Visitor: 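Structure provided below as structure tokens; questions to follow.
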Amino acid sequence: MKFIRDLVKPFTILQYILANLGLSLLILAFFTRGPFISFTEFLFYLSWTFLISFTQWTGAALINHLLDRKIKWKDKPVLRSILGIGILVIYSVTAFLSVKYIMYYLKYGSLPPEGWDFVSTSSFITVAISFNISLIFTAIGFFKAWKKAVAKAEELNTEMMAYRYEALRNQINPHF
């Protein structure tokens, strides 16, 4: 799949996993309140943050890949931006809450008793983070498309100059 090659192009698979693990450790350091009771607890929360990191990064890359195939930046940049940001925010919140509920269930054996309060306490932070992630992915996609369009224009300009030179040369010396 081209998507996977594009996703890990700057990395090897191992580097991609290690980058997600590093991001997981940062998330863990930023959002935990105190020391862990045991190494098992640390591993559980590390796997929790790894799943969050992996789903966010991979999902956002997949969504951008699919949107890039369906809606070209050069044709409809405003629509592509709005759809990209909107879909990425919805996906990010859904993926985050899904991982949160699954991991809560694995840890405690039941769904959280608070219900909507469990969702709403982290939804604001989740929306803010996912909005920023979507802005970053949208900006990267836009600038990649812009760079590609500039390179294509330069290539066409070079071809046009070569064609004009050849036409002028044939005009001056028609015998060759």
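Nothing here was measured: the structure is a model prediction, and the numbers come from that model.
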Visitor: Grab the two heavy atoms, one from W48 and one from Y104, that are nearest each other, plus how far apart they are.
Guide: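 The answer is CH2-N, 4.0 Å.
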
Visitor: When rounded to the nearest 0.5 angstrom, what distance separates OG in S81 from CG in L67?
Guide: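 Taking OG in S81 and CG in L67, the distance rounds to 10.5 Å.
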
Visitor: Apply side chain to side chain contact (heavy atoms under 4.5 Å, CB included) to the pair M160 and R164, showing each step before the final yes or no.
Guide: CA-CA 6 Å; M160 182 61 86; R164 285 182 180 167; 3.9 Å; yes

Visitor: Taking Y165 as the starting point, is it possible to reach M161 by hopping between hydrophobic residues whose side chains are less than 4.5 Å apart?
Guide: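 M161 does not cluster with Y165.
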
Visitor: Tracing side-chain links under 4.5 Å among I, L, V, M, F, W and Y, which residues wind up in one group with V78?
Guide: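 Once heavy-atom contacts under 4.5 Å are chained together, V78 belongs with I82.
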
Visitor: For residues 84-95, which side-chain N or O atoms pair as donor and acceptor with protein atoms under 3.5 Å away, sequence neighbours left out?
Guide:
from : atom 1 : to  : atom 2 : distance (Å)
Y91  : OH     : T55 : O      : 2.7
S92  : OG     : Q56 : OE1    : 3.0
S92  : OG     : L88 : O      : 2.8
T94  : OG1    : I90 : O      : 2.8

Visitor: Give a yes or no on whether the backbone of A60 and the side-chain of N64 come within a donor-acceptor separation of less than 3.5 Å.
Guide: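 Indeed, once roles are kept as given, a pair shorter than 3.5 Å links the two residues.
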
Visitor: If the condition is side-chain contact (heavy atoms from CB on, under 4.5 Å), which residues does K107 pass it with, not counting sequence neighbours?
Guide: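 Applying side-chain contact (heavy atoms from CB on, under 4.5 Å) to K107 gives E41, F44, Y45.
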
Visitor: Does L26 belong to the same Ile/Leu/Val/Met/Phe/Trp/Tyr cluster as W57, with side-chain heavy atoms less than 4.5 Å apart forming each link?
Guide: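 In one cluster: no.
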
Visitor: Among T49, L23, I52, which residue meets the side chain to side chain contact (heavy atoms under 4.5 Å, CB included) test with L28?
Guide: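 Among T49, L23, I52, the one meeting side chain to side chain contact (heavy atoms under 4.5 Å, CB included) with L28 is T49.
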
Visitor: Please list all pairs passing the salt bridge (Lys or Arg N to Asp or Glu O under 4.0 Å) test where one or both residues lie in residues 49-70, with sequence neighbours left out.
Guide: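 Residue pairs passing salt bridge (Lys or Arg N to Asp or Glu O under 4.0 Å), neighbours aside: D68-R80.
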
Visitor: Taking salt bridge (Lys or Arg N to Asp or Glu O under 4.0 Å) as the test, write out the residues that go with E166, two or more places apart.
Guide: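 Partners of E166 under the salt bridge (Lys or Arg N to Asp or Glu O under 4.0 Å) test: R169.
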
Visitor: Could you measure the distance from the CG atom of L46 to the CG atom of L25? Nearest 0.5 Å is fine.
Guide: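 Taking CG in L46 and CG in L25, the distance rounds to 5.5 Å.
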
Visitor: If hydrophobic clusters are built from ILVMFWY residues whose side chains come within less than 4.5 Å, do L51 and F30 share one?
Guide: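 As far as the 4.5 Å side-chain criterion goes, F30 and L51 are connected within one cluster.
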
Visitor: Is there a chain of hydrophobic side chains (I, L, V, M, F, W, Y, each step under 4.5 Å between heavy atoms) that links L156 to V150?
Guide: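 The answer is no; the residues belong to distinct hydrophobic clusters.
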
Visitor: Hey, what else clusters with I172 if you join Ile, Leu, Val, Met, Phe, Trp, Tyr whenever side-chain heavy atoms sit under 4.5 Å?
Guide: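 I172 shares its hydrophobic cluster with L168.
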
Visitor: Measure the CG-CZ distance between N20 and F50 for me, rounded to the nearest 0.5 Å.
Guide: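 If we round to the nearest 0.5 Å, N20:CG and F50:CZ are 5.0 Å apart.
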
Visitor: Any side-chain heavy atom of E155 within less than 4.5 Å of one from E159?
Guide: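 Yes; the side chains approach each other to less than 4.5 Å.
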
Visitor: Do M103 and S47 have side chains that get closer than 4.5 Å, going by heavy atoms?
Guide: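 Answer yes - side chains close enough.
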
Visitor: Looking at CD1 of I71 and CG of L79, how far apart are the two atoms once the value is rounded to the nearest 0.5 Å?
Guide: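 Going from the CD1 atom of I71 to the CG atom of L79 covers 4.5 Å.
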
